[in-house]
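The structure that follows is given in the form of structure tokens.
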Amino acid sequence: MAGFRSGRGRDSGSAQGRQYPQQQYPYGQQQPPYGQQPAPGAWPQAGQGQYQGPPQPPGGPGQPEYFGPPQGGDPYANSPGHTQSFSVQDPYGQGGYHDGVPEPPPGPRLSWKELLSGIVLRPNRTFWQMRDYPVWGPALLVTFLYGLLAVFGFDKAREDAINTTISSAIPYVLTTGIAMVVAGLLLGIVTHTLARQLGGVGSWAPTVGLSMLIMSLTDAPRLVFALFLGGDASLVQLIGWLTWIASGVLFTSMVSRSHDLPWLKALGASAIQLLALLFLIKLGTF
């Protein structure tokens, strides 16, 4: 009995005086039963990464494969508690398609110099870029100056302005300039209204302002020759017809891009303004 007690005391004393390191187990796993060794590779060894668990199918249990994390992306993208970011392309903010043709993205607002030169040299890109910007300043000023010169494009009006005194000619010329501004505003509003009736979605201020600029800039070459040759000269009449056709192309392009309309509907929306310009200005019946 004494030996047994001494043996138990020796075992008890040796166990109490010895410190064993505690084994760290991954979260969610319990210590295996006493006497059972853990499976090889189940717990990380020194210098290895954390245990990731057994491999799972891309979609997880009971989920289709397309719900799984993307290759090379975030492995927790579609797991509970995690969301995966995505983006939606904006056809106006990042460029889009118009009638199947790719369009450049709208950029910053153009200055008046870039606007005037762009209508002549780069009309499609300019109309697309300025579809949401009002252009009242350049439109009113250019149309008023065009109206001042429009008097000299008609033979009878030019003779009346030249043969009268300066005090009488100045009010006559100023009145014509104001009348051209009012006519451009009214015709632009008509074009915008027709475009809306045909399914257009554009704003009225850019449409009216751009239509006034197109009306004035396209007729400027005819006025330059009419100042020296007269409005009834054959060359002036030919230039008038050519510039009228060019204005029709520009009107159609502007309405098409400002209102997201196909070319035929855009041409129909511009028809009344084109006919008014032809009979009131181009043919000399103003």
Side-chain angles (χ1 to χ4, degrees), residues 99 119-120 123-124 126-127 130-131 135-136 138-140 142-158 175-226 230-286:
D99 291 342
I119 293 177
V120 179
N124 294 336
T126 301
F127 295 147
M130 296 297 292
R131 56 176 290 170
V135 291
W136 290 121
L140 294 175
V142 172
T143 306
F144 179 73
L145 295 177
Y146 165 73
L148 297 181
L149 297 177
V151 177
F152 302 95
F154 307 101
D155 292 339
K156 186 177 185 304
R158 182 179 58 180
T175 302
T176 306
I178 296 175
M180 292 302 299
V181 171
V182 175
L185 285 171
L186 295 177
L187 292 176
I189 292 174
V190 171
T191 299
H192 169 75
T193 303
L194 290 178
R196 281 287 193 172
Q197 294 294 327
L198 295 176
V201 296
S203 303
W204 78 278
T207 303
V208 175
L210 290 174
S211 66
M212 295 173 66
L213 288 175
I214 293 173
M215 177 189 71
S216 303
L217 294 177
T218 53
D219 199 39
R222 183 188 68 86
L223 287 180
V224 172
F225 286 91
D232 295 334
S234 300
L235 179 60
V236 175
Q237 293 292 326
L238 177 61
I239 295 176
W241 281 104
L242 294 178
T243 53
W244 181 75
I245 296 175
S247 65
V249 174
L250 293 179
F251 275 124
T252 305
S253 177
M254 183 271 294
V255 175
S256 177
R257 282 153 179 79
S258 298
H259 288 268
D260 289 334
L261 289 176
W263 271 73
L264 290 179
K265 289 186 177 182
L267 179 60
S270 308
I272 293 181
Q273 187 166 9
L274 286 172
L275 292 177
L277 294 178
L278 177 64
F279 290 104
L280 296 179
I281 298 177
K282 300 292 184 178
L283 298 182
T285 59
F286 181 77

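Side-chain atoms are counted along with the backbone in the values below, which use heavy atoms only and exclude waters and symmetry mates.
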Met180 CE to Met212 CE distance, which is reported to the nearest 0.5 Å: 9.5 Å

Side-chain donor or acceptor of Thr243 paired with backbone N/O of Gly240 under 3.5 Å: yes

Please report the interatomic distance CE(Met254) to OG(Ser270), rounded to the nearest 0.5 Å. 6.0 Å

Please find the pair of heavy atoms, one from Gly202 and one from His192, that lie closest to each other, and give the distance. O-CE1, 3.4 Å

All heavy atoms of Gly268 vs all of Leu198, minimum pair found to be C-CD1, 4.4 Å

Could you check if a side-chain atom of Leu277 sits within less than 4.5 angstrom of a side-chain atom of Thr218, using non-hydrogen atoms only? no

Taking atom CG of Asn124 and atom CG of Leu250, what is their separation to the nearest 0.5 Å? 8.5 Å

Nearest heavy-atom neighbours spanning Gly147 and Thr176: O-CG2, 3.5 Å

Would you say the side chain of Phe251 lies within less than 4.5 Å of the side chain of Thr191, judging by non-hydrogen atoms? no

Atom pair OG/CG of Ser247 and Leu217 - distance to nearest 0.5 Å: 11.0 Å

Would you say that Trp204 contacts Thr193 through its side chain, given a criterion of any heavy-atom pair below 4.5 Å between the two side chains? no

Could you report the tightest heavy-atom contact between Leu267 and Thr252, atom names first, then the distance? CD1-OG1, 3.4 Å

For the pair Arg222 (side chain) and Trp241 (backbone), establish whether a donor and an acceptor sit closer than 3.5 Å, ignoring hydrogens and angles. no

Looking only at non-hydrogen atoms, find the nearest pair between Thr143 and Val181 and report the distance. CG2-CA, 3.8 Å

Side-chain donor or acceptor of Ser253 paired with backbone N/O of Val249 under 3.5 Å: no

How long is the span from the CG atom in Leu210 to the OG1 atom in Thr126, to the nearest 0.5 Å? 9.5 Å

Determine whether Arg131 and Asp260 make a side-chain contact, defined as any pair of heavy atoms from C-beta on separated by less than 4.5 Å. yes

Using the side chain to side chain contact (heavy atoms under 4.5 Å, CB included) criterion, which residues pair with Leu148? Sequence neighbours excluded. Phe144, Leu145, Val173, Leu174

So, do Ile239 and Val224 sit near enough that their side-chain heavy atoms are less than 4.5 Å apart? no

Ser256 versus Pro262, closest heavy-atom pair with distance: OG-C, 4.4 Å

Counting only heavy atoms not in Leu235, do more than 12 fall under 6.0 Å of its CG? yes

When rounded to the nearest 0.5 angstrom, what is the spacing between CG in Asp219 and CH2 in Trp244? 13.0 Å

